Structure formats: structure tokens, C-alpha cells
Amino acid sequence: MDGTFPIGARAVDSDVTFLAIDPSADAKIEPAFAVSSEADVAEACKLAEAAFDTFRETDPETRAKFLETIADEIEAIHDPLVARAIQESGLPRPRLEGERGRTTGQLRLFAKHLRQGTWASVVIDEAQPERKPAPRPDLRQRRIAVGPVAVFGASNFPLAFSVAGGDTASALAAGCPVVVKGHPAHPGTSVMVGKAIQTAVAKCGLPEGVFSLVQGPANELGAALVKDARIKAVGFTGSRGGGLALVALAAARPEPIPVYAEMSSVNPVLLFPAALAARGEALGKAYVGSLTMGSGQFCTNPGIVIAVDGPELDVFVEAAAAALGEAAPQVMLTPGIYASYDKGVAALAGHDAVETVARGTEAEGANRGRAALFSTTGKAFVADPALSHEVFGAASIIVRCADLAEVRQVLEQVEGQLTITLQIDEGDYSDAAALVPVLERKAGRILANGWPTGVEVAPAMVHGGPFPATSDPRTTSVGTAAIERFLRPVCYQDLPDALLPKAVKHDNPLGLPRTEG
Ligand SMILES: NC(=O)C1=CN([C@@H]2O[C@H](COP(=O)(O)OP(=O)(O)OC[C@H]3O[C@@H](n4cnc5c(N)ncnc54)[C@H](OP(=O)(O)O)[C@@H]3O)[C@@H](O)[C@H]2O)C=CC1
Ligand SMILES: O=C(O)CCC(=O)C(=O)O
């Protein structure tokens with residue numbers, strides 16, 4: 001691996017460099033990576049703009065093959081890629097092996113989706129020249145790519161939400177050239193994947209500007225990318241502060257653009273009485289499994305448990321406390337993320353209305369997050385909105401409510417969420433049904449008798465939700481529906497067939513599914 005980054009077909013170097021940090025050893029690691037300049041950002045955007053009209057009009061089969069070629073190229077570097085990602089993220093091998101599979105799997109899923117063709121949403125309203133009192137014109141609608149897209153790699157998924165992650169896969173599938181701002185926590189992983197995409201662009205004979213990667217440790221770089229007039233949409237996963245900063249930058253441009261930011265979620269879990277009575281102990285253990293997985297560094301992490309107080313809840317809490325008390329500390333992604341976790345845990349531990357129920361075992365070594373379990377009352381939770389804020393890591397708070405009416409009150413207090421989980425048995429169905437309208441208002445995904453971590457990449461998935469889970473609740477960043485963020489409709493009225501794009505020509509040469517009006 002060298003320290004250059006791909007801009008179009010070139011490998012770009014610089015005298016200004018930065019090093020990755022191995023969070024496990026708390027040490028800087030070689031090699032040095034070139035820091036991209038604002039001129040590199042401008043060059044990447046210029047190439048992306050130049051590539052746009054050709055790339056967006058490639059037929060779906062060409063883009064499907066391109067996505068599959070990216071997946072093949074990533075698979076070809078599996079061993080060194082996973083090894084480098086382990087070093088840069090502190091995440092364990094099985095997790096990163098799985099994440100590599102998820103990354104190539106979602107690229108191939110988008111290839112399949114492109115071949116199915118529904119994404120183009122072709123609608124044909126044939127002309128009705130004889131219609132009275134006025135004839136109807138011939139109207140043909142399809143969706144086209146919005147333009148070059150900026151994607152911000154996420155720190156917590158160095159593969160599946162990073163350079164070739166869901167945002168990039170969906171934007172490329174839509175026909176949008178992509179400029180990625182790599183996360184500075186994993187520059188080596190980013191460069192390896194970036195070069196795999198660069199190779200796939202060349203192998204598929206596509207214009208070089210279809211993909212570029214910029215990276216560096218200062219956020220001015222990302223800001224320059226969002227401000228570049230050639231960028232037409234942004235995909236982001238990270239902090240609420242970071243996401244909102246990008247939303248503000250995009251809105252302040254002379255031409256404002258959409259930012260699809262996935263930010264902050266505490267993913268409430270509701271324990272209903274019959275389920276608690278039947279399997280409180282098993283639920284307590286399983287909850288800690290979901291909470292501590294990956295050191296809790298998932299935006300789907302179950303950060304709040306809500307239940308009616310009583311002896312059945314005590315059984316759950318005791319089982320959870322016992323399991324969490326044995327949880328070994330795990331390396332967190334970056335020293336900064338570890339420090340902010342520690343600060344968040346200390347704030348909860350010092351809160352007058354919060355009891356510390358259990359802590360994981362003592363941490364030895366740097367950047368190790370010690371799991372933390374807290375509890376509070378429904379009343380205290382409703383009185384202090386700070387108790388519902390995300391602490392990114394393996395920390396969670398159990399909210400003990402007086403009755404189901406207070407459960408509802410607590411639920412109304414929480415902000416928009418990616419997920420809400422119900423633990424229910426048949427005896428709970430009528431209580432749960434009464435809450436469904438609240439759940440729908442609050443979350444993008446409602447699940448029963450499972451745990452929110454481990455998002456399925458599938459056509460029906462919604463990985464989104466009302467603010468602050470995302471900046472735009474109308475879409476998803478996981479699953480094939482993510483392509484819709486990067487498409488817009490165009491209507492062709494009475495255009496002669498010779499001028500119509502293939503997608504809406506009279507003889508349908510691409511064989512795309514059509515809705516006839
Ligand atoms: N809910 C979730 O899914 C996640 C939440 N987080 C939260 O984010 C915290 C920090 O983690 P991190 O992953 O670094 O997330 P950040 O939001 O800080 O950073 C993500 C990316 O956005 C860029 N960025 C951030 N702020 C700006 C800005 N003002 N202008 C331009 N670019 C910006 C960063 O660049 P640069 O590094 O150069 O600043 C980085 O490339 C965690 O402690 C956690 O609380 C993190 C990951 C996932
Ligand atoms: O739980 C998952 O699989 C996905 C979580 C996620 O999207 C995130 O942490 O950013």
C-alpha cells in the first residue's frame with residue numbers, strides 16, 4: 001500500500017501527510033498518507049461533472065456490471081484489506097470479515113436492482129388526441145441521476161458505510177459520479193477500497209471522473225467538497241454535530257442541495273408485561289449481547305429500555321446487570337470517540353436522578369470502553385431531555401415507568417429514531433397496538449422480539465427515521481430504496497421518438513417495467 005489517493009485515473013501524492021492511529025496500541029502507524037488539498041477536491045469535482053452525462057446514460061446492465069466488478073476487486077484484496085481495517089479500527093476480525101461480505105453483497109444487490117428496472121419509475125401516459133374538451137399530450141416520465149454526489153465515510157463501519165459502502169453503491173447505481181471524503185480514522189482501508197473502485201472504473205471503460213477519493217485530518221476538506229457547485233447531493237453517517245454542520249453548509253450554498261445525514265439514535269426497546277413475565281431473564285442477557293457488540297459503536301445500539309416497574313422488570317435488570325458485569329472492555333474506534341464515550345458515561349453516573357446498575361470489567365490498555373448500565377424513573381426521564389441523548393458506545397439506561405400511560409409519555413419524549421423494538425407476547429398485543437401510531441411517528445423501523453443491531457440489507461429495509469436519526473426522514477441509507485435519494489423525475493411531453501431517451505422510447509429497447517396511465 002502506498003500513501004497516494006485516487007482522483008479519477010491518477011494516484012495523487014502530496015508533501016503534506018498524516019498517519020493513521022491503531023487505537024488498540026494507541027500508536028501512530030505507517031505508511032504516511034497524502035493529505036488532499038482543496039485543489040484536489042476541485043479537480044475531483046471537475047472530473048465528476050465531466051463524467052456525469054456519459055455515466056448517467058449508461059444502460060442499467062453496464063452499471064450493474066460495474067458494481068459487480070467493484071465487488072470482485074474488493075474480494076481480490078480481502079486479506080490485506082481486512083488486516084488493515086483491524087489495525088485502523090480496533091474492530092475484531094469476524095466483525096470485519098462479515099462487514100466485507102456485507103459490502104460486496106450490497107454492491108451485488110444494487111446490480112440486481114438495476115436489472116429489475118423498477119428504480120427508473122417509468123410512467124407512460126399515451127397521447128389522447130381525440131379527448132374532449134382538450135386533447136391529452138403524450139407524457140413520459142422516468143427518473144435520472146441528480147449529479148455528482150459527495151459521500152462521507154463513517155468511522156464505525158470502515159467498509160460497509162465507507163468508501164464503497166451503501167451511500168456510494170446507491171449513488172453509483174443511480175448513475176451519479178461519486179467523490180468520497182474518507183474518514184481520517186481509516187485512511188489505509190479507504191485508499192485500498194478507493195483503488196479497487198478506480199480499477200473497476202478502468203476495467204469497465206467508464207469515464208475516469210466516475211469516482212475519486214479525498215482524505216485528510218481537517219474538516220475544511222469535507223466543507224470544501226459540500227460547497228463545490230458541481231456536487232448535487234451529500235450522503236453522511238456520523239455525529240449529530242457533523243451532520244448538522246454539513247446540512248447548514250449545503251443550505252447556505254447559492255444552489256442549496258440535499259444532505260442525507262444519518263446521525264443520532266438511541267433505539268428504545270419496550271418491554272411489555274407478558275413478555276417480561278415469561279422470559280425476563282433471557283431478555284436481560286440478550287439485551288446485553290446487543291448492547292455490547294462492537295463496543296456498542298452502532299447507530300442501532302439499544303440505548304434506552306422502557307418498561308413498567310415491578311418484580312418482573314427486576315428479574316430482567318438483575319440478569320442484564322450480571323451479564324454486563326462480566327463484559328470485557330473493548331477497543332473503541334478512535335481516541336476521540338473513546339473520550340466522548342467516557343465523558344457521556346461520567347455525566348450519566350453523576351446525574352442525581354440516575355442510578356448506576358452495573359459496569360463492565362475494569363479496562364486495561366488505551367481506548368477501551370467499559371460497558372455501563374444505568375436506570376432512572378419515567379418521571380425523571382421526562383423532566384430532563386438530556387437523559388434521552390445518545391452516548392455512543394456500550395452504555396444504556398433503563399427507564400422504570402409507573403404504568404403503561406407513563407411508558408407512552410416517555411416514548412413521546414424521545415426524539416426521532418432509526419428503530420424502536422418491542423418485546424411482546426400474545427398477551428401484550430392490545431397494549432402494543434395502542435402504541436403503534438406513536439411508534440410510526442417516532443421511528444423508521446419497528447421490530448418485534450429481536451434486537452436493533454445488525455441491519456438486513458434488503459429491498460424492504462428502512463434505515464432512516466425522523467430527526468435527529470436523519471436529516472431527511474423520507475428515505476433510507478440501507479437497502480435498494482437508498483437509490484431514490486439520488487434520482488429525480490423528468491417528464492417528456494410530446495417529444496418525437498428520435499429525441500426520447502431509451503428508457504421511455506415507444507418500443508422500450510431497455511425492457512424497463514412501465515406503468516401505463
Ligand atoms: N450515530 C452514528 O451512527 C454514529 C455516531 N457517531 C458519533 O460521532 C462522534 C465522532 O465520530 P466521527 O465518526 O468522527 O463522526 P464525525 O461526525 O465527527 O465525523 C464524520 C465525518 O464528517 C466530517 N465532519 C465532521 N464535522 C464536520 C464539519 N463541521 N465540516 C466538515 N466535515 C465534518 C469528519 O471529518 P473530520 O474527521 O475531518 O472532522 C468525518 O469525515 C462519535 O463519538 C459519536 O458520538 C459516530 C459514528 C456513527
Ligand atoms: O446495525 C447495523 O448493522 C448498522 C448500524 C449503522 O448503520 C451504524 O452504526 O451506522
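Whatever order the structure lists them in is the order used to number ligands and atoms, beginning at 1. Fair warning: this is a prediction, and the values are worked out from it, not measured in the lab.
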Among all protein heavy atoms, pick the one closest to [atom] and tell me residue, atom and distance.
atom                    : value
atom 23 (C) of ligand 1 : F152 CD2, 4.0 Å
atom 1 (N) of ligand 1  : M263 O, 2.3 Å
atom 14 (O) of ligand 1 : H183 NE2, 2.9 Å

Kindly confirm or rule out an N or O of [X] lying under 3.5 angstrom from an N or O of ligand 2.
X    : result
C299 : yes
R102 : yes
N156 : yes
F298 : no
T300 : yes

- Hey, looking at atom 20 (C) of ligand 1, which of F236, F298, F157 has the closest heavy atom?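 Of the listed residues, F236 has the closest heavy atom.
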
- Can you tell which of G242, S239, A154, G216 gets a heavy atom nearest to atom 16 (P) of ligand 1?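 Selected option, by shortest heavy-atom distance: S239.
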
- Flag S340 as yes when one of its N or O atoms lies below 3.5 Å from any N or O atom of ligand 1, and as no otherwise.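 By distance alone, the answer is yes.
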
- Task: Ignoring angles and geometry beyond distance, decide whether K181 reaches within less than 3.5 Å of ligand 1 through its nitrogen or oxygen atoms.
- Result: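 Yes, at least one N or O pair falls under 3.5 Å.
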
- Considering all heavy atoms of both residues, which atom of A320 and which atom of Y287 are nearest to each other, and what is their separation?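 Shortest heavy-atom contact: CB-CD2, 4.0 Å.
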
- Number the atoms of ligand 1 from 1 as they appear, then name those within less than 4.0 Å of a heavy atom of E262, with their elements.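 Every atom of ligand 1 under 4.0 Å from some heavy atom of E262: 3 (O).
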
- Query: So is G454 in contact with ligand 2, going by heavy-atom distances below 4.0 Å?
  - Reply: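 The answer is yes: ligand 2 sits under 4.0 Å from a heavy atom of G454.
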
- Message: Counting only heavy atoms closer than 4.0 Å, does ligand 2 sit against the backbone of V455, its side chain, both, or neither?
- Response: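 Both backbone and side chain.
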
- Where ligand 2 meets E262 - atom numbers and elements under 4.0 angstrom, heavy-atom basis: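 What qualifies from ligand 2 is 7 (O), 10 (O).
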
